[in-house]
Amino acid sequence: KNVALSGAILATDNQLKLDAIGNYARNFGIGLNIINDMSDYLPLTRQDALPSYKTPIDQYSDIRNGRIFLPVFYALKFGNNEQRNYILEMLNGENIFSEDRLIQLTDILLATKAIQFTFFTAKKYMKEAKKNLHQLSKNRERDLLSIMASAIRTNKFIHGFTNLKQ
């Protein structure tokens, strides 16, 4: 948000426009971060259709480091006892992080609709980001910001999860 505001201040002193740009940047950043958190759970072995891959170091790094972000939080809240216990064991480092166990975690996130909820939440932030653009004059820059926020629907990891569910 502050980076976007720094550039905006150079372009205008209109507080309404500055607020709109700041709110756009905040919502866009949160939405993008949520998608990044979700992409952590797309197994490398299932990314073969993607134009680029997450590295093995990045893959499942949140769960390996005991960090709970939206997909895991949602599954812990709405999963059944077996699913919750499986995730808690992983968070406590009680299980070896084999590829099969990590893929099973992804299957739990899909079964509990945690991935779907995470994507829906990211889309809400992106819609909110775009809504702020209506405070700005119609021009090429505004159109580019709108396209950036729309790109969430075509994110390569979203595509990967869509293929995974089929």
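- Taking a 6.0 Å sphere around CZ of Phe69, one finds it holds more than 12 heavy atoms contributed by other residues, nucleotides or ligands.
- Between Asp19 atom CG and Asn132 atom CG the span is 9.0 Å, to the nearest 0.5 Å.
- The hydrophobic cluster containing Phe78 also includes Ile30, Ile34, Leu70, Tyr74, Phe117, Tyr125, under a criterion of side-chain heavy atoms closer than 4.5 Å among ILVMFWY residues, counted directly or through chains of members.
- The distance from the CZ atom of Arg64 to the CE atom of Met90 is 8.0 Å, given to the nearest 0.5 Å.
- Formation of a donor-acceptor pair under 3.5 Å by the Asn65 side chain with backbone atoms of Ser61 is found in this model.
- When all heavy atoms of Lys77 and Arg84 are compared, the pair lying nearest together is O-NH1, 4.2 Å.
- Taken from CZ in Arg101 to CD1 in Ile63, the straight-line distance is 10.5 Å, to the nearest 0.5 Å.
- With a 4.5 Å cut-off on side-chain heavy atoms, Ile87 and Ile108 count as touching.
- Atom OH of residue Tyr86 and atom CG of residue Leu91 lie 11.5 Å apart, to the nearest 0.5 angstrom.
- If you check the side chains of Arg142 and Asn139, you find no donor sitting under 3.5 Å from an acceptor.
- No single ILVMFWY cluster, assembled from side-chain heavy atoms under 4.5 Å apart, contains both Met38 and Phe120.
- Residues passing the side chain to side chain contact (heavy atoms under 4.5 Å, CB included) test with Gln135, sequence neighbours excluded: Leu16, Ala20.
- Taking NZ of Lys124 as the reference point, atom NZ of Lys127 lies at 10.0 Å (rounded to 0.5 Å).
- Interatomic distance, Thr118 OG1 to Lys123 NZ, rounded to the nearest 0.5 Å: 13.5 Å.
- In plain terms, the two heavy atoms of Gly79 and Thr112 that are nearest each other are CA-CG2, 3.7 Å.
- Side chain of Tyr24 to main chain of Ser146: no donor-acceptor pair is present (N/O by atom type, distance under 3.5 Å, no hydrogens or angles).
- For the pair Ala122 and Gly31, the tightest heavy-atom approach, listed with the atom from each and the gap, is CB-O, 3.7 Å.
- The backbone N or O of Tyr60 sits less than 3.5 Å from a side-chain atom of Asp40, completing a donor-acceptor pair.
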